[in-house]
2 protein chains.
Amino acid sequence: MSEQKTSSDTRDRILDVAERLFMENGYEATSMRMITGAAEVNLAAVNYHFGSKEALLREVFRRRLGWLNENRLQALDRLEAQAGGAPLKPSQILEAFFGTLLRMGEDKALGGMTFLRLLGRTLTEPAEFIRTFFAGEYAEVIDRYKQALYRALPDVPQAEIVWRLHFMLGAMSYAIAGTDVLRVVTGVEVGDLAGERPLQDDDTALARRLAQRLMPFLLGGLRAPLPQFDEPARIQKELPTQAARESRPGI
Amino acid sequence: MSEQKTSSDTRDRILDVAERLFMENGYEATSMRMITGAAEVNLAAVNYHFGSKEALLREVFRRRLGWLNENRLQALDRLEAQAGGAPLKPSQILEAFFGTLLRMGEDKALGGMTFLRLLGRTLTEPAEFIRTFFAGEYAEVIDRYKQALYRALPDVPQAEIVWRLHFMLGAMSYAIAGTDVLRVVTGVEVGDLAGERPLQDDDTALARRLAQRLMPFLLGGLRAPLPQFDEPARIQKELPTQAARESRPGI
DNA sequence: GATTCGTTCAAACGTTCGTTTTAATCTTAG
DNA sequence: CTAAGATTAAAACGAACGTTTGAACGAATC
């Protein structure tokens, strides 16, 4: 029961370095020797402290996602308590979900933009153990927020809400992961491209600006008119079936 | 057997198999032996026909992106000719850009959803040779469409348009790549999750449904109200500076 | 029939991978 | 201090990686 409270310096240095290198190179292209070399620890230290490379990646995420999803649930709890049973506004829900994440990008102690970029890229990684891990980590949060959106938008078919949640996750995921792509390929900053003043290489400013621009976009997409189908007419409004059995990864 | 191998038979089988395996496993996690084994060709055939594994990946994309971006430019040419000098409607521009792509998902001869998923996933891969390749392939198309959007939305700061283009690419990229993630992790189809009738395992239907739902979302996001900045006031409308020096990957 | 040339083949190349082993070192409670 | 356990160090493991080699094949050309 008593956790070993070693708080090993080696352990934390490995996690910090792995977080950065996985972000820069991807999981497969990052070798144990690159990690232990950059962290200035022995090669065997990773297997000693974490067991395997896969377990290392999981731990890199666990220490961040634990905080993230806990705070997301708390934010939703707070909003629902304030509303006193009434449905929330979509903007409140998005702010709680995406705002909590984007605030991590401004805080170096929570991983900063390094972790956000890693997360954005890893969500599209096809490796099975990664998808399984994310599905488990996100199951509760996604389900809670989906239910909140169902209540907030009672006139929108639930299938449509699921799709749009999917789209929103993608916009944010790619926007985060892509800013670095842009930087590397072009050598300029996103805001800089269209004439804005350049960013100091301060991730805090990037995270804040990203949040300010992403939120209106997501809200506009979420509340867009429903699509017109060219297929034979079919029921647009589904029952709130308990089909919420699924769990899926999201950012 | 009467089946006769033409000189390009091996080459095409390698490309088709590589396209599928890169999509399923990612570039790094797909070995030459997996590819040549599944294609039932000799291990050395890849290096003989393409030169290297990197060159193989580039060729997998080149044969599809050539068609895609050519058709995108033609679609834009057609619209601009019809408009006779007047700005296009944002919906027309999005339809030309994203619609052309999504139509590839409905056509097996153009790669179908397999290629779309591969594209969506590869765009976030951090390997330098991949980013460099995409930047070159997309430079002209992105620039043309960006200019069209500038003209279509003269009151929106160009920096904002660049950001929103970025968001739209992300929503589409992740939506495509994610449908398979969803299928594998949960064993159910996206539309199925919220009570819709299940899809026959027909990628054509998935591509069409995706397009019908994505387009209103993107349009809603593109036309959303501009963000309010909490930073000191600064100029919102930039000059059409020739900062269009950059080229960047997009889906 | 012999020659040529593009293609396929089996085998091996050297390197790097994640992991394991065994010993040395550090930390700390009795 | 000493014994015991936790951590680090150095070296090696077998497997898999992308690539190269040199010979064999097959269908045209002379």
Side-chain angles (χ1 to χ4, degrees), chain A residues 1-61 122 125-130 132-133, chain B residues 1-61 122 125-130 132-133:
Chain A
M1 310 307 179
S2 54
E3 284 270 302
Q4 199 66 27
K5 185 75 172 238
T6 52
S7 163
S8 168
D9 173 59
T10 297
R11 211 184 118 94
D12 288 338
R13 270 224 308 289
I14 291 173
L15 285 174
D16 289 339
V17 167
E19 184 173 69
R20 197 189 82 240
L21 292 183
F22 283 148
M23 180 273 283
E24 291 174 356
N25 313 304
Y27 173 76
E28 298 285 351
T30 303
S31 72
M32 306 274 277
R33 285 165 179 83
M34 292 167 64
I35 295 170
T36 54
E40 297 178 293
V41 302
N42 189 268
L43 172 60
V46 170
N47 284 284
Y48 174 77
H49 283 282
F50 303 98
S52 68
K53 190 187 176 188
E54 290 193 2
L56 169 61
L57 180 71
R58 277 191 292 263
E59 189 54 34
V60 165
F61 278 102
T122 309
E125 289 248 346
E128 172 126 352
F129 86 94
I130 295 179
T132 305
F133 172 74
Chain B
M1 302 309 178
S2 58
E3 187 136 29
Q4 185 171 2
K5 285 188 178 179
T6 72
S7 63
S8 62
D9 184 37
T10 297
R11 215 184 114 94
D12 288 339
R13 266 221 313 290
I14 291 173
L15 286 173
D16 289 340
V17 167
E19 183 172 70
R20 198 189 82 239
L21 292 183
F22 284 148
M23 180 272 284
E24 291 174 354
N25 313 304
Y27 174 75
E28 298 284 352
T30 303
S31 72
M32 306 276 277
R33 285 164 179 85
M34 291 168 65
I35 295 169
T36 55
E40 295 178 296
V41 301
N42 189 270
L43 172 60
V46 170
N47 284 284
Y48 174 77
H49 284 282
F50 303 98
S52 68
K53 189 187 176 187
E54 290 193 3
L56 169 61
L57 180 71
R58 277 191 293 263
E59 189 54 36
V60 165
F61 278 101
T122 309
E125 290 247 347
E128 173 128 351
F129 85 96
I130 296 178
T132 305
F133 171 73

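Quick note on labels: first sequence line is chain A, next is B, and so on, each numbered from 1. Just so it is clear, the structure is predicted and the values come from calculations on it, not from any experiment. Hydrogens, waters and symmetry mates play no part in the numbers below; they use all other heavy atoms, side chains included.
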Nucleotide of D/dG18, C/dG18, C/dA10 approaching B/Ala44 most closely (side-chain heavy atoms): C/dA10
Gap between atoms CG and P, on A/Asn47 and D/dA9 respectively (whole Å): 15 Å
Phosphate contact (D/dT8 OP1 or OP2) by A/His49 side-chain N/O below 4.0 Å: yes
Among C/dT7, D/dT7, D/dT19, the one nearest A/Tyr48 by side-chain distance: D/dT7
Residues A/Ile14, A/Arg11; criterion side-chain contact (heavy atoms from CB on, under 4.5 Å); working and verdict: CA-CA 5 Å; A/Ile14 291 173; A/Arg11 211 184 118 94; 5.9 Å; no
pair A/Phe22-A/Leu57: side-chain heavy atoms closer than 4.5 Å: yes
Aromatic contact, B/Tyr27 with B/Phe129 (centres under 6.0 Å): yes
Length of the line joining A/Lys53:NZ and C/dT20:P, which is rounded to integer Å: 15 Å
Interatomic distance where CG belongs to A/Asp12 and P belongs to D/dT7 [whole Å]: 12 Å
Spacing of A/Ile35 atom CD1 relative to C/dG18 atom P, expressed in whole Å: 8 Å
Atom-pair distance (CD1 on A/Ile14; P on C/dG18), nearest Å: 14 Å
Contact check, side chains of B/Glu40 and B/Val17, non-hydrogen atoms, under 4.5 Å: no
Distance in angstrom units between A/Arg33 CZ and D/dC13 P, rounded: 14 Å
Between D/dT8 (P) and A/Glu40 (CD): distance, integer Å: 14 Å
Between P of C/dT8 and CG of B/Leu43, the distance in whole Å: 13 Å
Pair A/Asp16 + A/Arg20, salt bridge at N-O below 4.0 Å: no
Touch class at under 4.0 angstrom, heavy-atom based, for A/Thr30 against every strand present: sugar-phosphate
DNA chain C: 5'-proximal contact among A/Asn42 and A/Ser31 (nearest heavy atom): A/Ser31
Below 4.0 Å: OP1/OP2 of C/dT8 and any side-chain N or O of B/Thr10: yes
